[in-house]
Protein chains: 2
Amino acid sequence: MVKITDVARHAGVSPSTVSYALSGKRPISQMTRQRIESSIRELGYRPHAGARALASSRSNVLALVVPLRAGIHVPVVMQFAVSVVTTARGHDHDVLLLTQEEGEEGLRRVADTALVDALIVMDVQLRDPRLPLLRSLDRPSVMIGFPQEPDGLTCIDLDFRAAGELCVERLARLGHRVMALVGSPPEVYVRETAFAQRVVQGFTAAADRNGMSSCVRPCEAAPGAARRVAERLLSEQPALTGVVVHNEAVLEPLIEAFEQLGLRVPGDLSVIAICPDELAESLRVPVTSVALPSAELGARAVELLTKKLDGTAVPEATLLPPRLTDRASTAPRNAS
Amino acid sequence: MVKITDVARHAGVSPSTVSYALSGKRPISQMTRQRIESSIRELGYRPHAGARALASSRSNVLALVVPLRAGIHVPVVMQFAVSVVTTARGHDHDVLLLTQEEGEEGLRRVADTALVDALIVMDVQLRDPRLPLLRSLDRPSVMIGFPQEPDGLTCIDLDFRAAGELCVERLARLGHRVMALVGSPPEVYVRETAFAQRVVQGFTAAADRNGMSSCVRPCEAAPGAARRVAERLLSEQPALTGVVVHNEAVLEPLIEAFEQLGLRVPGDLSVIAICPDELAESLRVPVTSVALPSAELGARAVELLTKKLDGTAVPEATLLPPRLTDRASTAPRNAS
DNA sequence: TTGAAAGCGCTAACAA
DNA sequence: TTGTTAGCGCTTTCAA
């Protein structure tokens, strides 16, 4: 194994000079820098990660905790993870993958052993048991999602409340007066996942504000669930002309169900989803949607974290504004 | 920070004794072990990962390289990753996540800096450019998938050839004589992904062996592609009664398309998929399928790797036998 | 602009 | 069964 002393000898300088040339933490003359660089190349030198971590108390590794639970759309998690890895690499960091399953002990372990410098935690609940722990750790963290008490923590997420409102506003502008929100599976609400509740709040508030009739229905991801929800909605709200869907798994089946029940999309029924753009674009009827920007969230989370590692102050809360793209599933309300 | 010398002093022993108590690499008397354990608990001691890695030349971290390309079913990758993390934790290892994008340089980097002890590489191509590198690294690796020349490498995968055969055999036993394979998107074949080709080989060989008429159609994941493939199949093979689908993205739309074209599943057409059980179970018509055992693959890959790290010899090739589950999409050929 | 040298916290060879 | 101690390869202070 080639070590820093080998490089130093080969370049005719001291080890510390090589170290500084590598880190840029002190000025190096043009000439020595070049000699060092060519020695490194010639010898194929790679600094030992463990030795570095020990001497500098920086591992240059971030922990990413991914959720596993029901009702979470897997491609969103994956895209987020990939974006975190890519962005982290751009900041000279690697990413250690942890599962929710490991729980608080897992977080404590990687932090206390100095395996990682900082943590990104996905799928934060309103009263997440990990919050006190994260506050007490000596390493910075960023949470995806907003808990009830975000004080002292750094959180980022799509502004789901505004997303819910934006959907309603768009439907309102198209003349729709009676609308429904088809949401996540019931268990998501039961475990108090903030983002699901925020959509409901935004949806309901905007509907009330616009004097519209509205209702909210959670929906399972199971095969027949979309159909049943569609049937119930139509029987309970015969005048329904606008539907907001916040549930990736049932978006397609739900539209199919409405059409099988005799409603044309968007002729009789306008549909807006809150989901990844890729999903909205891929359906037979491309769906007007508010994007779930997982890649951007991942990138931003890493940037917040690297700033915190650099000692730069960052805002406690970052809410990404919703962005709506019109596609083929929305139309003005039929005058008939 | 609490260090091993603190624990040693607190327990009235030497640091090495603490180290050995932790690693179990030499016998410790009952009494000292207990004293050490309670000191550790009392002080909240956690060994520093970097220091450990430096002194022992083991980081206890595995690298996992995940694919990003088109035609790869995201939930399969995610489930695999989760299974790798879970199993690795059971063997006292953590998992560093790398993307395909990082390429050979990424592999070399994490190996040469001793950031990881070993590597798991997914989505191996027939002539994968990473093979020579993996052979030359001083760290063990396991590949998911089989390249053309697996010599000197450790590979594991589902036996896709046998899976293709198994599907045909089941259809043959049900009396079907004319069948088609709807495969992955064309780009998957173009880039020579072994598993896709192996399914084709198994499918074709078994069909020939049984004197059946067969054809193979790649299929895009795009919205209308399933419908077009279904139409072409029916016009070109009017006697078609058995379809094998090896393409998660189009399984559902394909069945819908066949039904819209007037064919009942399984009344007129029997369908067998090669896909994750969860997907097969979740469709409106639960689909008879050969399971894609991503969780098992992940666990087995880690086990192979930890054995290699322990110096135990492991087989170069591991092929998991296909397992077929009968569901509602297959029936004996209609006698009419 | 550079060098010397003292650790960082742990493991494992050696010695007892 | 346990202790002593020499590193592991790097960073960073101090000194020049």
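Throughout, a chain's letter reflects where its sequence line sits, starting with A, and its residues are numbered from 1. Values reported hereafter were calculated over all heavy atoms of this structure, with side chains retained and with hydrogens, waters and symmetry mates removed.
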Within residues 40-63 of chain A, those residues having any heavy atom closer than 4.0 Å to DNA chain C are A:L54, A:A55

So, with a heavy-atom separation below 4.0 Å from DNA chain C, the residues of residues 107-118 of chain B are none

*Between the first and last five pairs of the helix from C:dT1-D:dA16 to C:dA16-D:dT1, the angle of the axes, rounded to 10 degrees*: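 Terminal axis comparison yields 30°.
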
When you check the side-chain N and O atoms of [X] and [Y], is any donor under 3.5 Å from an acceptor?
X      : Y      : value
B:T193 : B:Q125 : yes
A:D92  : A:N60  : yes
A:T86  : A:S83  : no
B:T32  : B:S29  : yes

Q.
On DNA chain D, does the nearest nucleotide to A:T17 precede the nearest nucleotide to B:P27 from the 5' side, or the other way round? Give the residue.
A.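 By nearest-heavy-atom nucleotide position, the 5'-most residue is B:P27.
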
| said: Please determine whether the number of non-hydrogen atoms from other residues, nucleotides or ligands lying under 6.0 Å from atom NZ of A:K307 exceeds 12. | reply: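 Atom NZ in A:K307 is not crowded, with 12 or fewer foreign heavy atoms closer than 6.0 Å.
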
For the residue pair [X] and [Y], establish whether any side-chain heavy-atom pair is separated by less than 4.5 Å.
X      : Y      : result
A:V61  : A:L115 : no
A:L320 : A:E296 : yes
A:I156 : A:V142 : yes
A:E101 : A:L68  : yes
B:I72  : B:V77  : yes

Side-chain donor-acceptor pairs of residues 19-28 of chain B under 3.5 Å, sequence neighbours excluded:
residue	atom	partner	partner atom	Å
B:S23	OG	B:S19	O	3.3
B:S23	OG	B:K25	N	3.2

Review point. Between B:R130 and B:E104, is there a donor-acceptor pair closer than 3.5 Å when you use the side chain of the first and the backbone of the second?
Key: no

So, does A:H73 use its side chain to make a donor-acceptor pair with the main chain of A:P75 at under 3.5 Å?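 No, because the side chain of A:H73 does not come within donor-acceptor range (under 3.5 Å) of the backbone of A:P75.
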
field: Positional range of nucleotides in DNA chain D within the contact set of chain B, heavy-atom, under 4.0 Å
entry: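 The footprint of chain B covers D:dT1 to D:dG9.
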
For A:S19, which contact category applies under a 4.0 Å heavy-atom criterion: base, sugar-phosphate, or nothing?
base

Starting at atom [atom1] of [X], determine the distance to atom [atom2] of [N], rounded to an integer number of angstrom.
X     : N      : atom1 : atom2 : answer
A:Q34 : C:dT1  : CD    : P     : 14 Å
A:M31 : C:dT1  : CE    : C1'   : 11 Å
B:K25 : C:dC10 : NZ    : C1'   : 11 Å

5′-ward residue of the pair B:K3/A:T32 relative to DNA chain C:
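Comparing both residues, the 5'-ward one is A:T32.
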
OH of B:Y45 to CD1 of B:I4, rounded to nearest 0.5 Å, is 4.0 Å

Between protein and nucleic acid, restricted to nucleotides 4-6 of chain C and to nitrogen or oxygen atoms under 3.5 Å apart, what atom pairs and distances do you find?
residue	atom	partner	partner atom	Å
C:dA4	N6	A:S16	OG	3.2

On a heavy-atom basis, the closest approach of B:L158 and B:A291 is CD2-O, 3.7 Å

* Compare every heavy atom of A:L309 with every heavy atom of A:R58, then report the nearest pair and how far apart it is. =>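 Closest pair (atom of A:R58, atom of A:L309, distance): NH2-O, 2.9 Å.
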
